[in-house]
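Encoded as structure tokens, the structure appears first; notes follow it.
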Amino acid sequence: MKVQSTSPIVVVANRLPFCLGTNPETGQLVRKQCAGGLVTAVAPVVVETQGLWVGWSGLHLEDNNVAIPEADPNDQTPTAGLKSNQVLPVNVPKKLFDDYYNGCCNATFWPLFHSMPDRATFQADKWDAYRQMNAEFARLTVEAVKRLSETHPGEVPLVWLHDYHMMLAANTIREKCDELNLPIKMAFFLHIPFPSWDIVRLFPWDDELLQGILGCDSIGFHIEDYCLNFIDCCQRRLGCRVDRQQMLVEHNSRTVSINPLPISIPYERFVQLAEKAPQVVKNNLHEQLLLAVDRLDYTKGLVHRIKAFETLLQKHPEQIEHVTFLQVAVPSRTDVKEYQELKEELDQIIGRINGRFSTPNWSPIRYIYGCVSQDQLAAFYRDASVAVVTPLRDGMNLVAKEFVACQTGEPGVLILSPFAGAGTSMHEALHVNPYETNEFADTIYRALTMPKDERELRMKLLRRREREYDVNFWLRSFLKTVDCLNDDNKSMAPGRLLPMREEDFSEFLGLYVTESSRLALLMDYDGTLAPIAPHPDLAQMPTETRRVLERLAHMPDVNIAIISGRSLENVKSMVGIEGITYAGNHGFEILHPDGTMFMHPIPHEYEVQLEALKQRLEEICIDGAWVESKGTGITFHYREVTGDRVADITARAQQMFKEIGITIHQSHCAYEARPPVTWNKGRASIYILRTLFGLDWCDRVSTIFAGDDKTDEDAMKALQGMAVTFRVTRSQNLRTAAMHRLPSTDAVLTMLKWIERRLGSRVPICNGQRSRTASVSSNGNRSPPRSPSTPHIRSRANSNSEPNKQMMTINDKIYHQYIAKRASPPRSSSTSPPHSPTRSTM
Ligand code: ADP
Ligand code: G6P
């Protein structure tokens, strides 16, 4: 039964479903068959839905407009029905393609994803070529979507990205289609394993990669293990919220579904091929054929297998002349050194074994280095007594499935590696670890001598499963995940993660913040506590957030600091809560609740420049742009400038910053001028914590930091390993040092509520008055059990707003001396916090 999709499909894969070659007689371009699971499985549905295929033709054409030839009229392959106008070939300069394909796909992702990291190379320029190539694939995909929107008006095309070559295309496709108002669905399927976090993290740009894949709505891997590995990486590397049960990942306010979709083969087609295929010629009637079919790839374990065969002949000389090993190996990636070396190694070892065991009438190993026709392949599969499918690592392995489908005659035996995806479902095969040569040889012997009834039973069960779960089953299962299956009577609503609940924070903070913890809560204001608004004056903190913060500020052993890019006065008046620390201008000015003030010194020269910049920028305070003065800095806001004026106004502003010699710091639709000193929210955070709790603050407090923009990253980095950090991000793909991502200011409120509930039993501090050093004790324990709570209250010199005159203006050096002199209880050997925050990053 044909599988039908309700949406026209755009398949995007590195290769087109056929290769282009030149007819040596006519010199014309012709299509050549390009065998493989992907093509056989996917091509028919593209033909059926009149979809399109984006990919590389296998040739570097000089002329970009060269016509793709139609299929030969006698072509029987699954791609025969694919017209040339359904194909969008990628054609780029050879060097770029080479860097992407060999330099990155084959040299980095192939070995890494097959858990062979010592073979992998990590080169920034190759990764850049990968980025560029994915952008090119994305460009052509958008062209394809545009075409489909004309030929299939009203239908939502399904873009289906394939394999490790296409891990960065999704977000570009999505952005462009959004811009053009072209609705699409987007899915990704990986044809190779997805390794564990331990391996993925070796890739220096792993966060970019994961976020690239997460650009799709539905992500498919062969087996559940790979899905769980991916989910784990999203949680640990990106700090995403995940649901392992439903296999969902939340990223950029979208829920992405992760699906185990074991690929398979067109079972009936192989049965038919096997029924018609010619007999394989054997040396004698009793000779048993041991078969292996692979691309010549180091992941396939060819050498290990041949060594096991050698051991078999050594241990069982009676098998000499009675068993022949047929290795069919397709040349693959022949430009890559490792593949060339493997070929040499294989040639040598086969030569040595044949030299050692051959007799006048028999050679132990028959070796075909090339592609064989489907008929010939089916004949080998059918007539083999044993198939040895023993990769060191393999996403699925279709050869194992093709072999059982073709076993239409005398039943043979399948030997299978547990390290192939197929190993997780083909239970009746004989499983063997390819690295264990002796046992491997024994398993081959067991297969060669297995009684017929056992062979029959095992093969029957294997065949039954593959018949049922064939490639159509795979395709149907996939289409269901994107709600595109035509004959699906019950449409499957995509799974969703519930909005963030307080319980989620038990997972993030449950072990770190306990009822008796001393807590330091460091928060950014705009975009963290208050939603971003068109004008800073409108960015109000929701009433509920204010109330929870107020109550927290009144709790003993809870210290709150708001660290903002606003001026100190401004953030203080926006928040307006007593008893907390305010830090303005990214921490250049800090005011503690007892009135103690810190100001980082500013070079005089910068102050002069700042004044000049301010005057210049006023010239372009037009069309909604305006300048905010913050004392130690100024911010040029262009959020309200209308679309067509933005480019001109921002270009002029950039020029003014440049001419005056002040570096631009990009903020939310704004350019900021900040003092040219090494002080930032990170340094300020540490300063606040040291001032409040002493040098060993880390041992005595549980620290939480939340922020939403680049400036907050300084604090996330500075606090890495010493605090639990959150980055609020709604829709951006970004690199963050934070441990967790939160989708909105609402989630921040939920966190505050969780904290309040957690610390709920504490008795509030009278009048909310708090001393800057109220919480400092010297017992060297991060969370001392202080019950009942007896807060230490030191009244402020001037309680209501005027800062205390203990103003400190210090430079970095003095600051360090000052810090060093402060009383600091020695670290006891057991000061390591019991549940120090961890986030496995870079
Ligand atoms: P991989 O995708 O790593 O190449 P698979 O086992 O999943 O491994 O798929 C290999 C595909 O290539 C199978 O469909 C198999 O029939 C085909 N194939 C492998 N070797 C040959 C060969 N020598 N000639 C023709 N087809 C081959
Ligand atoms: C594996 C990959 C495919 C790839 C194939 C052949 O099956 O999953 O994406 O096309 O190997 O490799 P090649 O590099 O020749 O395309």
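Read the numbers this way: they start at 1 and go in the same order the structure lists the ligands and their atoms. Throughout, residue positions are numbered sequentially from 1 according to the sequence presented.
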For atom [atom1] of [X], decide whether the heavy atoms of other residues, nucleotides or ligands shown that lie under 6.0 angstrom number more than 12.
X: Arg464; atom1: CZ; result: no
X: Tyr469; atom1: OH; result: no
X: Lys307; atom1: NZ; result: no

[X] side chain to [Y] backbone, donor-acceptor under 3.5 Å:
X: Asp206; Y: Arg237; value: no
X: Asp297; Y: Thr299; value: yes
X: His431; Y: Met426; value: yes

Please enumerate all residues that pass salt bridge (charged side-chain N to carboxylate O under 4.0 Å, His left out) together with Glu341, with sequence neighbours excluded. Lys337

Arg333 to Trp110 six-membered ring, cation-pi geometry met (6.0 Å, 45°):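 Yes, cation above the ring, under 6.0 Å and within 45°.
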
In this structure, does ligand 1 have an atom that sits under 4.0 Å from one of the heavy atoms of [X]?
X: Gln374; answer: no
X: Gly370; answer: yes
X: Glu402; answer: yes

Please tell me whether Phe113 and Tyr164 form a close aromatic pair, meaning their ring centres lie under 6.0 Å apart.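 Ring centroids of Phe113 and Tyr164 are no less than 6.0 Å from each other.
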
Would you say the rings of Phe478 and Phe189 are close, in the sense that their centroids are separated by under 6.0 Å? no

Any atoms of ligand 2 less than 4.0 Å from a non-hydrogen atom of [X]? List them with their elements.
X: Ile192; answer: 8 (O)
X: Arg15; answer: 13 (P), 15 (O), 16 (O)
X: His191; answer: 8 (O)
X: Arg295; answer: 1 (C), 6 (C), 11 (O)

Can you figure out which of Asn102, Asp163, Asn14 has its heavy atom closest to atom 9 (O) of ligand 2?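 Going through Asn102, Asp163, Asn14 one by one, Asp163 has the nearest heavy atom to atom 9 (O) of ligand 2.
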
Among Val372, Val399, Ile263, Asp297, the residue with a heavy atom nearest to atom 24 (N) of ligand 1 is Val372

Suppose we screen for ring pair (Phe, Tyr, Trp, His ring centres under 6.0 Å). Which residues come up paired with Tyr130, at least two apart in sequence or across chains? Tyr100, Phe109, Trp127

Pick one of side chain, backbone, both or neither for how Leu377 approaches ligand 1, counting any non-hydrogen atom pair under 4.0 Å. side chain

Any idea which part of Met396 is under 4.0 Å from ligand 1, heavy-atom wise: side chain, backbone, both or neither?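 Under 4.0 Å from ligand 1, Met396 contributes no heavy atoms.
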
Can you tell me the protein heavy atom closest to atom 14 (O) of ligand 2 and the distance?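 Checking every protein heavy atom, the shortest distance to atom 14 (O) of ligand 2 gives Tyr101 OH, 2.4 Å.
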
Atom indices of ligand 1, in the order listed, that fall short of 4.0 Å to a heavy atom of [X]:
X: Arg295; value: 1 (P), 3 (O), 4 (O)
X: Val328; value: 23 (N)
X: Lys300; value: 1 (P), 3 (O), 8 (O)
X: Val293; value: 19 (C), 20 (N), 21 (C)

Just heavy atoms, cut-off under 4.0 Å: does Arg333 contact ligand 2 by side chain, backbone, both, or neither?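 Under 4.0 Å from ligand 2, Arg333 contributes side-chain atoms alone.
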
contact_flag His165 ligand 2 heavy-atom lt 4.0 Å: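 It does, in that a heavy atom of His165 comes within the 4.0 Å cut-off of ligand 2.
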
